[in-house]
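Proteins get letters first, then strands, A, B, ... in listed order; numbering begins at 1 in each. Here the structure is a predicted model, which means the values were calculated and not measured.
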Amino acid sequence: VTAVRPDRQVDPITLEIIQAALQATSDEMFAAFRKTAMSAIIYEVLDMGTGVTDADGNLASSGAGIPAFVGVLDKAVKRLLELHDRSAIGPGDVFATNDPFYGGVTHLNDVVLAMPVFADGRLVAWTANIAHWNDVGGMVPGSISNEARELFQEGLRLPGVKLVDAGEPITPVLEIMRCNSRLPDYLLGDLWAGIAAARVGERRIVELVEKYGRDTFVDAVTAFMDYGEQVARRALAELPHGRFDLAEEQDSGAVYRATIEIGDDVFVVDLRDNPDQDEGPNNASRDGTLIAAQMVFMNLTGAGASANAGHFRPLRLLTRPGSVFDASPPAAFATYYEVMIRLYDLLLRCLAPRLGERLPAGNFASVCGTFIGGRHPDTGRHFTIVEPQVGGWGGSARADGSSAQFSGFHGDTFNCPAEVAEARYGLHVDRLELNPEPGGEGRFRGGKGILLDYRVRSDGCFLTCAYTRDRHRPWGLAGGAEGSSNYVEVIRADGTVERHAVVTALTVNAGDVIRIHTASGGGYGDPRERARERVLDDLRNGLVTAERARSVYGVDAT
Amino acid sequence: VSARARVRAATDVGGTFTDLVYFTLDPETGGQEIVTAKADTTPPDFERGVMDVLRKGDLALAGIAFLAHGTTLVINALTERKGVRTALITTEGFRDVLEIARGNRPDFFNLHYVKPPPFVPRSLRREVGGRLEQTGAERTPVDLTGLPAILEDFRAAGVKAIAICLLHAYANPGHERAVLACVRELGPEFSVVASHQISREWREYERTSTTVLSAYVQPVAERYLNRLDAELRAADFDGQFYVMQSNCGVDSVEKTKAIPITMVESGPSSGFWAAAELGRLIGEPNVVALDIGGTTAKCSLIEGGRVRIHSDYWIERSRLSAGYPIQVPVVDLVEIGSGGGSIAWVDDFGKLHVGPRSAGAVPGPAAYGRGGTEATTTDANLALGRINAEYFCGGELVADLDAVRGALEHVATRLGTGVEEAARGIVRIANGNMINALKLVSVNRGYDPRDFTLLAFGGGGGMHAVDLAAELGIGKVVIPYAADVFSAWGMLMSDLRRDFFHTRLLGLTADNAAALEALLQEVRAASLAQFGAEGIAAADVRFHRYGKLRYENQEHSVEVALPEGEIDAAAVELVAERFHDAYEREYTYRLDAPVELVGAHVVAVAEVGKLEPAPLATTGRTLGEARKAPRAVDFATGGVHEAQVYVGELLEPGMRFGGPAIVESKGSTIVVHPGSTAAVDRYGNVIIAVAGEPETEEVA
């Protein structure tokens, strides 16, 4: 065992203190952003991320929030460095990008703000954040449409432009942004929250460099990344090695394929053999695809570690330009997140049976992005819900899956309390409970999804959603049963029921109920091996019927 | 007036020891005497330890006018899961809220993350029909017809306590009151509590969790307080008896028995209250207070003499777990796993870490010689000579220096360094952890620590304070007299205090001034009625009123003091101005957007005759007489120096000395770095003027 040290030896304790301060900086930016944001999707759903990169855009630390945003910021900064001459980057500047072809990585709703940090006149780091903005223009309210065919239909493109120059906002740019949103007040509030967060981080790093000196600071960042790499390589060496592949049909009928090679020093994800890019918005940029691979890599090698650029060094990604995982202009990206989570789930499913007991069975594995908008019946103002849903997680060799938890795409994300939703959105929340539908039985069963009823109170509201894992359900493992489905029912005031998984701008009126069902996770192991006491417990708790207890688990409670 | 009017005492039940502090006042001279005593904590019958310590302190119970009591009973019952079997009655369609919680996974790369399991299993979570609007208006009437069957099931399942939490009860408790009355009538054997009795804030998961956790510990707390009260009375105590709460105030035993959950953070709260009171006494209204104990360090910011109380409090929450919310008034603090007993360890990649794992009381640091083999912060401080090996734990223990060396060698080997370097590293890492915590309560909230005084207490406060202050650019450090029983002192300084948080959404406009005034009057009337029922006159109650404000559509609010008197249009304008200013200070920008009131925070305070501290008597002793033999001390960040050593108990007001120096008292050590100077003020507090930050070393 050797300590991680750069060639020029600096006291390792000093390096450690700087590294802890880098982490604290990302956390502090996260807290500041969360508290000041205007939109529930940022402050409650925490569809946001913060981070610090080195001068070249390599990720040094990242804040809490959601795993799917951890690897976004470095890619954005790297692209900014390509787009701008160094002489055009100065202290007090803030840049913005949301365009996957300009470092935006995800979709146009996710706006990245990045701020260069200077010390002694030299660029030493970047602080950056990303957040989902409610409306950036485009063809539908909320900017996300399953009907989009081109990026141009999805809103205003911000191609890595400067928003703040040496501390002064560039008003014309802000005016263009404001004027392109249906919710300009939210946009400006969220924008300033992001700028404030980046500035908080900048101040903290300047203080660090002033205290320890630039060379020591740079050494600390370098050593931190080397440490990340060592952690990753150590974990990689302990995984079964080999070449694994899997093809899986999606709800859309498309077949996605992945080949994963695990070696002592490499983790290769090959996605070249995949369909051409989608004509609709079901595409991911290469950067977005890379993040799905990074998430799997962190799941396998990163227990307790901080995600930084060094940690990801052993990871290789192969894609084919023009394919669904490396889409070319002018592809639409609105629902990139379902493509990403499908890929993420595919990679886990590919590995799960081959890695011993390291991975649980499949979970509900859809963001279950739900968009509801219309007129607030009490205030007359326009409201928009933009929210992911919680669902069931898969059983594992050790335990039942958790119920009602956000997907692997999200993380420290919070659902909206019914009491807040009723005030804020002017809908009635008639119920929120565990979904009793069968599925996910096993020695350790999947966790339960939810049933959530929104009763609409004014005419002319809309519902948009894009759920996957409806037709093809969460996968079981080691003989466990597959989970149930993610879908939405619209129960009209007259009693008729419509079933949807993907729908855009469906009109819903006063008295209609939007019933959200999320899936239970897959089961792990043969249900007949489930401990009798656990089955009886589930019976008592109404999580399984007496009939299923008998037929699936072989337990007769009478 | 009999002698008993003059004795004020506080007892504090901790994990290992039960402490007693009492003050006697000589009516002739006005002189005060502080007496302290310690006895073992005696689980599960904690009242025994309390009675023991009162006897040990040689205190005639009949002579006590005021007795304040603090205990970790509630937090222990929660974390050790030693409450009673609890059931929940909630609104139809929402019984799973307690299990669904907020759905978050803080340890987000861990696919095996396990949600914290609910305190009530699904089979004991039952529903009643009826709905309210967020305005409090009734949507459908409450339906009590199912309750007899529900209670029958609860009985069959051995339930002891019942929590009731219905949707929008914060706005209108009517439905909850109906259910509560019915449950009390049908099941008088159950301990019952409804959410509106504890919290009038929105967010059903947080409120349900709060109600459930309170119900879960209620019978345990009630039994304990009843027994303690009975034993005290049997021993002729007939003074006022108060229980320390989490909001920096004390409250009556009766109130605490009904809602024991408000005791959950009583320990830290009395310490931070002590810091605020001491700050007032010595003219330091702006204080960063730091309490370093055996397993954790806690800090809180006091501005203008005011402690911050909020209701966004969680137990067992960390980077690895979502924890459980408790929506009661708690002093706003940051706690980290870094105390004297925190264990230093080196990971597989040669990185040194300190905490959060702690050696606890058993086996304790290696120096205790009780079989501890892992190096702790205390061991590192010993090895560096910062703690006196000859006077370890006030001379009560002989430091096992071989064990210390062995434990540090293990760390040093893994680090590839010498033992001294490893010990310095442990102290520096521990300091680094505490610096980040101190920044969270100061810079992170828009405050510059340089505008504050660092007030450090607890066993380890004086050991690290000067280092931390230097690092943060803080110029002055205060180590209070009797720093190791400072929390108990805080209890003696406490008022009867109740914090009321009421959610009510109102645009902050002149039109709504009357509605805001009505809300404040409503809260005021309710609290006065409560006090009145306990025999406290309205004239003796003072109110402090705050608004929770935000820009429209935001979620998080900023608390702003409301002006005195009736809220009218002009007052609303003033409040808006205060909000914009406070917001900009904290977040660097302001918006030209409508401002919204989310609710009110009303503090009701009734003085219960608190202590007026008197200056410490002097005997004319010289500084030289307080000095011990000097010794070499490694200051970790400031090199090795021959330090003067002083006996804390012999220091007297007016004494001054410079660093390098060490002050050793029975329960704590103060490290004064080279260049810093210390002075003893008239109350016996050690005030240190901190020299500029020491150079950081680089090992070539």
Side-chain angles (χ1 to χ4, degrees), chain A residues 1-4 9-11 13-14 16-17 20 24 28 31-32 35-36 38 40 43-44 66-67 185-186 189 192 196 199 212 227 230-231 234 298-299 302-303 359-360 390 396 398-399 402-406 411-415 417-420 422-423 430-434 450 540-542, chain B residues 92-97 99-106 108-115 121-123 133-134 167-168 170 202-206 319 348-352 414-416 424-425 428-429 432-433 436 439-440 444 505 551 553-556 587-589 591 593 696-700:
Chain A
V1 174
T2 51
V4 182
Q9 295 242 312
V10 175
D11 156 34
I13 305 300
T14 301
E16 175 66 33
I17 289 169
E28 197 182 328
K35 281 191 182 164
T36 54
M38 252 338 153
Y43 60 68
E44 203 133 63
I66 73 173
D185 296 342
Y186 285 88
W192 279 106
R199 286 176 172 169
Y212 294 100
Y227 166 67
Q230 287 192 29
V231 172
R234 167 79 56 93
M298 281 303 288
N299 292 149
L359 294 174
V390 294
S396 71
R398 321 177 206 169
S402 285
S403 296
Q405 188 169 266
F406 283 100
D412 206 8
T413 297
F414 290 70
N415 66 358
E419 290 175 346
V420 174
E422 291 196 339
D430 281 354
R431 66 165 156 173
L432 169 61
E433 59 190 34
L434 297 179
I450 56 160
R540 225 178 352 260
N541 285 318
Chain B
E92 188 172 6
F94 291 87
R95 72 160 159 164
D96 291 324
V97 158
E99 181 163 353
I100 292 169
R102 304 297 301 275
N104 58 317
R105 295 182 300 122
F108 55 59
F109 284 120
N110 173 12
L111 295 177
H112 294 278
Y113 176 79
V114 177
K115 236 176 160 170
R122 194 168 198 252
S123 57
E133 303 280 353
Q134 73 272 10
L167 245 55
H168 296 301
Y170 63 91
W202 65 358
R203 294 178 180 277
E204 66 275 9
Y205 168 60
E206 282 75 358
R319 269 183 177 273
D348 289 349
F349 306 92
K351 281 167 80 78
L352 174 64
R414 305 255 313 160
L415 275 179
R424 278 194 291 270
R428 290 175 59 202
I429 297 280
N433 292 342
N436 284 329
K439 282 185 176 170
L440 279 177
N444 200 1
L505 282 181
Y551 288 115
N553 303 320
Q554 283 184 325
E555 177 59 24
H556 292 269
Y587 301 116
T588 75
Y589 70 94
L591 290 175
T696 51
E697 313 161 88
E698 292 198 358
V699 178

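Interface remark: B:Leu505 contributes side-chain atoms only to the contact with chain A (heavy atom separation under 4.5 Å). Heavy atoms closer than 4.5 Å to chain A are found in the side chain of B:Leu591, but not in its backbone. Interface remark: B:Tyr170 contributes side-chain atoms only to the contact with chain A (heavy atom separation under 4.5 Å). Both the backbone and the side chain of B:His168 come within contact range of chain A, with heavy atoms under 4.5 Å apart. Interface remark: B:Phe94 contributes backbone and side-chain atoms alike to the contact with chain A (heavy atom separation under 4.5 Å).
Atoms NE2 and CZ, from B:His112 and A:Arg398 in turn, are 4.0 Å apart once rounded to the nearest 0.5 Å. The CG atom of B:Leu352 sits 4.5 Å away from atom CD1 of A:Ile13, with the distance rounded to the nearest 0.5 Å. Note: B:Arg105 CZ to A:Thr413 OG1 = 8.0 Å, rounded to the nearest 0.5 Å. The distance from atom CH2 of A:Trp192 to atom OH of B:Tyr551, rounded to the nearest 0.5 Å, is 12.0 Å. A:Arg234 contributes atom CZ, which lies 4.5 Å from atom CZ of B:Phe349 (distance to the nearest 0.5 angstrom). Between B:Ile100 atom CD1 and A:Leu432 atom CG the span is 3.5 Å, to the nearest 0.5 Å.
Applying the side-chain contact (heavy atoms from CB on, under 4.5 Å) test to B:Glu92 and every residue at least two apart in sequence or in another chain returns B:Glu127. Take A:Arg431 and apply the salt bridge (charged side-chain N to carboxylate O under 4.0 Å, His left out) test, not counting sequence neighbours, and it matches A:Glu433, A:Asp453.
When the candidates A:Ala24, A:Gly542, A:Ala404 are compared by the number of heavy-atom contacts under 4.5 Å with chain B, A:Ala404 comes out ahead. Residue with the most contacts toward chain A among B:Gly425, B:Gly432, B:Pro121, B:Ala593: B:Gly425 (heavy-atom pairs, distance under 4.5 Å). Most heavy-atom pairs under 4.5 Å with chain B: of the set A:Ile450, A:Asp430, A:Asp185, this distinction falls to A:Asp430.
The closest donor-acceptor contact from the side chain of B:Glu204 to the backbone of A:Glu419 lies under 3.5 Å. When atom types are taken as modelled, the side chain of A:Asn541 and the backbone of B:Ser123 share a donor-acceptor pair closer than 3.5 angstrom. Side-chain N or O atoms of B:Lys115 include one that pairs as donor or acceptor with a backbone N or O of A:Ser403 at under 3.5 Å.
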Assess the residue pair B:Arg102 and A:Val390 against the criterion (side-chain contact (heavy atoms from CB on, under 4.5 Å)); give the C-alpha distance rounded to whole Å, side-chain angles, the decisive distance to 0.1 Å, and a yes or no. CA-CA 9 Å; B:Arg102 304 297 301 275; A:Val390 294; over 6 Å; no
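Closest non-hydrogen pair, A:Pro67 versus B:Phe109, comes out as CB-CE2, 3.6 Å.
In this structure, B:Arg424 does not pair ionically with A:Asp11, as no charged nitrogen and carboxylate oxygen lie closer than 4.0 Å.
Using a 4.5 Å heavy-atom cutoff, the side chains of A:Leu434 and B:Arg95 are not in contact.
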